[in-house]
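Note that the coordinates shown come from a computational prediction; the quantities given were computed from them, not determined experimentally.
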Amino acid sequence: MHYSLLPSLLLQILIVGYSPGPANIYALTMSLKYGRKASLVMWLGLLSGFVLATSIVAVITHYIGIVIGDYVAYLKYLGASYILYLAYRIWKSSNQSTSAQKDCTFFNGFMVQLTNAKMILFSTTVYSTFVLPYSDRLTDLFDISLWLLLAGPGGNLAWLLAGRVLRRFSEKYHTQVDFISIVALVICAFFIIIA
C-alpha cells in the first residue's frame with residue numbers, strides 16, 4: 001500500500017465499518033435483546049466469519065491481480081465507484097428500517113459475517129484499491145486485512161457495546177449522521193481517484 005493513501009483507508013474503515021450494516025445492526029439488536037455477555041459469544045462468531053471471509057477474498061483478489069496484471073491500477077475507479085454507491089445507498093435508505101436475526105449464537109454471528117455482502121465488497125474494494133496497484137504480494141493483502149479488523153469486528157463490537165445509547169442517538173440524529181457519512185464517502189472516493 002502506498003502510505004499516502006492511509007488516511008483514505010482509515011476514513012473508509014471508519015465510515016463503512018461503523019455505519020449501519022447487516023452485522024452492525026445484528027450486533028446492536030442482539031445486545032439489546034440478550035445483553036452484552038451473551039452477545040459477546042455471538043461477536044466471536046462475527047470475528048471468526050470476518051477473518052475467514054477476508055482471507056478468502058484476499059486470496060481471490062491476489063490471483064485476479066496476477067491474471068490482469070497491468071490493468072489493476074484501473075480498479076481504483078471501480079473502488080471509488082463502489083464508495084460512491086455506498087454514499088448513494090445511505091442517502092436512499094435514510095428512512096428505511098432494518099431487521100435482524102433472532103438467535104444470539106456463535107454460529108449465527110459467523111454466518112451473518114461470512115455472508116455479509118457489505119463486508120465482502122468492501123474488502124475487495126480495499127484490496128484492489130490500496131494494495132494491487134502497488135504490490136503483487138499476497139502477504140501485503142493479509143497486512144491490510146489486519147487494518148480491516150478495525151472495520152468489521154471493531155465496528156460490530158462498538159455497536160454491541162454501545163447498545164441503547166447509540167440507538168437513541170442514531171434514531172434522533174439519523175439525518176445528520178447520514179449526511180456526514182455521505183460527504184465523507186464522497187471525499188474518500190475523490191482522494192482515491194486522484195491518488
Side-chain angles (χ1 to χ4, degrees), residues 1 3 5-58 61 79 82-83 86-87 89-90 98 100-101 104-131 139-170 173-174 177-178 180-182 184-185 187-188 191-192:
M1 177 178 83
Y3 287 100
L5 294 174
L6 187 59
S8 233
L9 173 62
L10 294 175
L11 184 59
Q12 279 189 42
I13 286 171
L14 178 66
I15 294 166
V16 176
Y18 294 83
S19 64
N24 287 341
I25 298 299
Y26 180 68
L28 175 66
T29 303
M30 294 300 102
S31 176
L32 292 171
K33 188 171 184 178
Y34 297 107
R36 289 186 181 127
K37 187 175 180 180
S39 297
L40 286 173
V41 172
M42 176 275 310
W43 178 80
L44 290 173
L46 289 172
L47 173 65
S48 300
F50 183 87
V51 169
L52 179 60
T54 56
S55 296
I56 291 168
V57 170
T61 304
Y82 175 68
I83 292 167
L86 288 177
R89 292 294 302 155
I90 291 171
T98 58
Q101 296 183 11
C104 187
T105 65
F106 177 91
F107 180 75
N108 282 348
F110 182 82
M111 292 309 294
V112 164
Q113 198 66 288
L114 194 60
T115 60
N116 185 351
K118 174 185 168 186
M119 181 276 308
I120 292 169
L121 290 172
F122 175 64
S123 58
T124 303
T125 300
V126 167
Y127 295 146
S128 62
T129 302
F130 294 100
V131 180
T139 56
D140 290 339
L141 291 167
F142 285 116
D143 288 345
I144 291 296
S145 295
L146 296 175
W147 285 100
L148 293 180
L149 288 171
L150 293 172
N156 304 150
L157 186 61
W159 278 70
L160 184 146
L161 295 176
R164 295 182 195 278
V165 175
L166 183 59
R167 186 170 184 153
R168 279 190 228 131
F169 177 82
S170 182
Y173 298 107
H174 75 278
V177 169
D178 288 350
I180 291 168
S181 295
I182 291 166
L185 283 170
I187 290 169
C188 196
F191 281 112
I192 286 172

To the nearest 0.5 angstrom, please state how far the [atom1] atom of [X] sits from the [atom2] atom of [Y].
{"X": "Arg36", "Y": "Leu157", "atom1": "CZ", "atom2": "CG", "value": "10.0 Å"}
{"X": "Ile144", "Y": "Thr61", "atom1": "CD1", "atom2": "OG1", "value": "12.0 Å"}
{"X": "Leu161", "Y": "Trp43", "atom1": "CG", "atom2": "CH2", "value": "9.0 Å"}
{"X": "Gln12", "Y": "Leu150", "atom1": "CD", "atom2": "CG", "value": "13.5 Å"}
{"X": "Leu46", "Y": "Phe106", "atom1": "CG", "atom2": "CZ", "value": "9.5 Å"}

What is the minimum heavy-atom distance between [X] and [Y], and which atoms define it?
{"X": "Met42", "Y": "Leu160", "result": "CE-CD1, 3.9 Å"}
{"X": "Gly49", "Y": "Gln113", "result": "C-CG, 3.9 Å"}
{"X": "Ala151", "Y": "Phe122", "result": "CB-CE2, 3.8 Å"}
{"X": "Leu114", "Y": "Ile120", "result": "O-CD1, 3.7 Å"}
{"X": "Phe50", "Y": "Gly152", "result": "CE1-CA, 3.5 Å"}
{"X": "Thr105", "Y": "Tyr26", "result": "N-OH, 4.3 Å"}

#### Entry: Trp147 side-chain N/O to Leu10 backbone N/O, donor-acceptor pair under 3.5 Å
no
### Task
Ignoring hydrogens and angles, tell me if any N or O in the side chain of Ser31 forms a donor-acceptor pair with the backbone of Ser39 under 3.5 Å.
no
Is the shortest heavy-atom distance from the side chain of [X] to the side chain of [Y] under 4.5 Å?
{"X": "Leu47", "Y": "Leu149", "result": "yes"}
{"X": "Phe130", "Y": "Ser8", "result": "yes"}
{"X": "Val126", "Y": "Val16", "result": "no"}
{"X": "Met119", "Y": "Thr54", "result": "yes"}

#### Entry: side-chain hydrogen bond (donor to acceptor under 3.5 Å, both in side chains) contacts in which one or both residues fall within residues 14-25, not counting sequence neighbours
Ser19-Lys118, Asn24-Asn156
### Message
Holding to side-chain hydrogen bond (donor to acceptor under 3.5 Å, both in side chains), I want the full list of residues that pass it with Thr124, two or more places apart in sequence or in another chain.
### Response
none
